[in-house]
Protein chains: 2
Amino acid sequence: MKKEVLIAHGSGGEASQTLIKALFLKYFKSSILKKLTDSAVFETDTSSLAFTTDSFVVDPIFFQGGDIGKLAVCGTVNDIAVSGAVPKYLSLSFILEEGFPIKDLEKVVRSIAKEAEKAEVEIVTGDTKVVDKGKCDKVFINTAGIGFFPKSVANMGKMVNIRPGDVVIINGSIADHGMAVLSSRQDFDIESDIQSDCACLNHLIQKVLSQIEGVKFMRDPTRGGLATVLVEIASSTNLGVEIDEKSIPMKEDVESLCELLGFDPLYIANEGKFVMVVDKSIAEKVIGILHNNKLGKDSSIIGKVTEKYNGKVVLNTAVGGKRIVDMLTGEQLPRIC
Amino acid sequence: MKKEVLIAHGSGGEASQTLIKALFLKYFKSSILKKLTDSAVFETDTSSLAFTTDSFVVDPIFFQGGDIGKLAVCGTVNDIAVSGAVPKYLSLSFILEEGFPIKDLEKVVRSIAKEAEKAEVEIVTGDTKVVDKGKCDKVFINTAGIGFFPKSVANMGKMVNIRPGDVVIINGSIADHGMAVLSSRQDFDIESDIQSDCACLNHLIQKVLSQIEGVKFMRDPTRGGLATVLVEIASSTNLGVEIDEKSIPMKEDVESLCELLGFDPLYIANEGKFVMVVDKSIAEKVIGILHNNKLGKDSSIIGKVTEKYNGKVVLNTAVGGKRIVDMLTGEQLPRIC
């Protein structure tokens, strides 16, 4: 195969076939994909489905703790998982810049295959387009995903069941992903070892859901960070959300870097976290399950839903004050996912 | 709303919400989408599913007979339809260039909504990313789609049933889309009225499948054109495909432009065509159904499957010769879809 992506790799002709057979089918072993039909065809035995999509344009494409390929799997798997469904099938679509090194593409493809295997999802259909040099930035990826609902949790994510007294949980430290990507940027001259938290959460979530009833809502705080999810909960329910800053897990180096650069970590993207709203009676049991898992060992109860503060999020600050947390206005760290 | 796409529109914060509410929800009326949950959730009553994806990077984004939005619906709808499934749900993902005019985005969104309504598919989930100016070209779109199989046709598209004597049908003229996009390019100084054939074929296909048994295979000849689909049929079955050049429908202006520019229309992309392989006994009946429909009025039997020419496609040329039709090598007309 050539050393660089050529326009011909997107032409649908011989070069496209070579790319598919020598690269994609080498790493993606799905028997459904292998048929190379226009659509992936499969059977399901449950009638409730979840369907989601995300495009990934992260810059740089390789960063500490992950890369655009791993991210493209985790992002879509997590969107399905927080809906309460079990993710099963992914589509994978590349937009490649002419001249992109094939060895980098292979690295990304290998990472996708590894993460998909770990998460037990199958890449079953795909597409590749190539655009002229300068018309995109290296590689953009889109994944869409299908998940299936075990019958008991098909009502997840509707927020209608959230009540005052419910407890808000996060499964670990915030702002790792955004700060890891930022510190991997070439034009960024501060050395740091911050690792992205990029991870597929479906197994951990299923562990909780299969053992406990009473989880009312989940969302992954990606773009817009923890604050955005909390604001959505408060504004959708017209209840208040009261959060204790001290109880929000954060790594020291992440906190320092945020402080240094003037970023509010509440708004920084995570890629391996979920926010969970649960009935107070099961909160400790949920934390117990989460603490037993690598991806949940730093889980914490960070606050509660309350009748006060209608539709608002209030943060009890570490120094003893109170602060309203609003929706993010303006831009913050573009191309973080 | 602002007049141009800003980085903040992709941030997940307030500007993203404005874009979603003021633009996307204005045109996309799905009750599933409206919930704005991480995944679209829906019920199905059939157990066989089709799932496909395509990214669209066509340049220019507005061309005679269509635009990138219409194309993004038709491309995915058709991929599902030629599998024999009934397309139902689409995801929609934008990658936008900072500075892209909101009015152009609205034009694209309106076109997507119109085409989706016509095809009776629902946009149920989506994503929007914004990249800095110069890091993509105006707008790239990804759609993924889910279709459901009526039980009788779940075996479509496996090519295993293709036999010598089977008949090859196309539902109209070839090469319209590719030549329309090409002649819409600014740097192209020949005036032409060629219109893209861009259209959703699901209703026409279902009309055939619901009335007749014996359709063995379908594929839409997009990138790589008619030739590529025929080569795939021949090489996958190890049978020959014999095609009569005179019977391939082509518009005069398309033929002239191809001749003028030295393009072989067999390799030029179509976006409203299917190639159908059917049992000889039903060929005339299929043609009868197709001729009664606007999207099939120029349908034609273009050739047959044969025991001769193992794995090869042979074209009986208009001047009485024979020519082997091969896979496209090299590039031809990039960014046509």
Side-chain angles (χ1 to χ4, degrees), chain A residues 6-8 10-14 17 37-45 47-55 57 79-80 82-83 85 89 91 93 95 124-127 129-132 134-137 140 142 144 146-147 154 157 219-220 222-224 228 327-332 334-335, chain B residues 6-8 10-14 17 37-45 47-55 57 79-80 82-83 85 89 91 93 95 124-127 129-132 134-137 140 142 144 146-147 154 157 219-220 222-224 228 327-332 334-335:
Chain A
L6 309 174
I7 290 289
S11 67
E14 224 169 52
Q17 290 295 317
T37 44
D38 292 281
S39 297
V41 175
F42 44 80
E43 303 282 319
T44 158
D45 51 9
S47 61
S48 283
L49 271 68
F51 178 36
T52 193
T53 189
D54 262 323
S55 287
V57 298
D79 276 347
I80 295 173
V82 296
S83 302
Y89 299 115
S91 68
S93 184
I95 298 174
V124 291
T125 188
D127 179 51
K129 294 290 185 314
V130 180
V131 297
D132 338 50
K135 296 296 184 185
C136 88
D137 193 7
F140 297 153
N142 177 281
I146 296 180
R219 181 153 290 174
D220 49 338
T222 54
R223 275 184 296 179
T228 302
M327 199 70 147
L328 173 69
T329 53
E331 60 193 78
Q332 182 169 22
R335 296 188 61 190
Chain B
L6 308 174
I7 290 290
S11 67
E14 224 169 54
Q17 290 294 319
T37 43
D38 292 281
S39 298
V41 174
F42 43 80
E43 301 284 318
T44 159
D45 50 10
S47 61
S48 283
L49 270 70
F51 178 37
T52 192
T53 188
D54 261 322
S55 288
V57 297
D79 275 348
I80 294 172
V82 297
S83 302
Y89 298 116
S91 68
S93 183
I95 299 173
V124 292
T125 188
D127 179 50
K129 294 291 187 314
V130 180
V131 297
D132 338 49
K135 295 298 183 183
C136 87
D137 192 6
F140 298 152
N142 178 282
I146 296 181
R219 182 154 291 175
D220 50 338
T222 54
R223 277 183 295 179
T228 302
M327 199 71 148
L328 173 68
T329 53
E331 60 191 79
Q332 183 169 21
R335 297 188 61 189

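The shown structure was predicted, so the numbers you read here are calculated from the model rather than taken from an experiment. In what follows, chains carry the letters A, B, and so on, assigned in the order in which the sequence lines appear, proteins first and then strands, with residues in each chain numbered from 1.
- Here the CD1 atom belonging to I95(B) is positioned 4.5 Å from the CD1 atom belonging to I95(A), to the nearest 0.5 angstrom.
- Minimum heavy-atom separation, T37(B) to R219(A): CA-NH2, 3.6 Å.
- Contacts with chain B were tallied for P334(A), A144(A), S55(A); S55(A) has the most, counting heavy-atom pairs under 4.5 Å.
- Summarising the geometry of S39(B) relative to I80(A), their closest heavy-atom pair is OG-CA, 3.3 Å, with the distance given to 0.1 Å.
- Between F51(B) and F51(A), the ring planes are perpendicular. Angles over 60° get that label, and only those under 30° would be called parallel.
- For T228(A), the part sitting under 4.5 Å from any heavy atom of chain B is the side chain, from C-beta outward, and nothing else.
- When each of G224(A), C136(A), G12(A) is checked for heavy-atom pairs under 4.5 Å with chain B, C136(A) comes out on top.
- The candidate with the highest count of non-hydrogen atom pairs below 4.5 Å against chain A, out of R223(B), M327(B), E14(B), is R223(B).
- In this structure, OG1 on T53(A) lies 6.5 Å from CG on D127(B), to the nearest 0.5 angstrom.
- Here the CD1 atom belonging to I7(B) is positioned 8.5 Å from the CZ atom belonging to R335(A), to the nearest 0.5 angstrom.
- Residues I146(B) and I146(A) form a side-chain contact, since some pair of their non-hydrogen atoms from C-beta on lies under 4.5 Å apart.
- The CG atom of L49(A) sits 9.0 Å away from atom OH of Y89(B), with the distance rounded to the nearest 0.5 Å.
- Counting heavy-atom pairs under 4.5 Å between each of L6(A), V57(A), T44(A) and chain B puts T44(A) at the top.
- The line from OG1 of T222(A) to CG of D38(B) is 8.0 Å long, rounded to the nearest 0.5 Å.
- For V131(A), the parts lying near chain B are the backbone and the side chain together; criterion is any non-hydrogen pair under 4.5 Å.
- Note that OG1 of T329(A) and CD of Q17(B) are 13.0 Å apart. Values are rounded to the nearest 0.5 Å.
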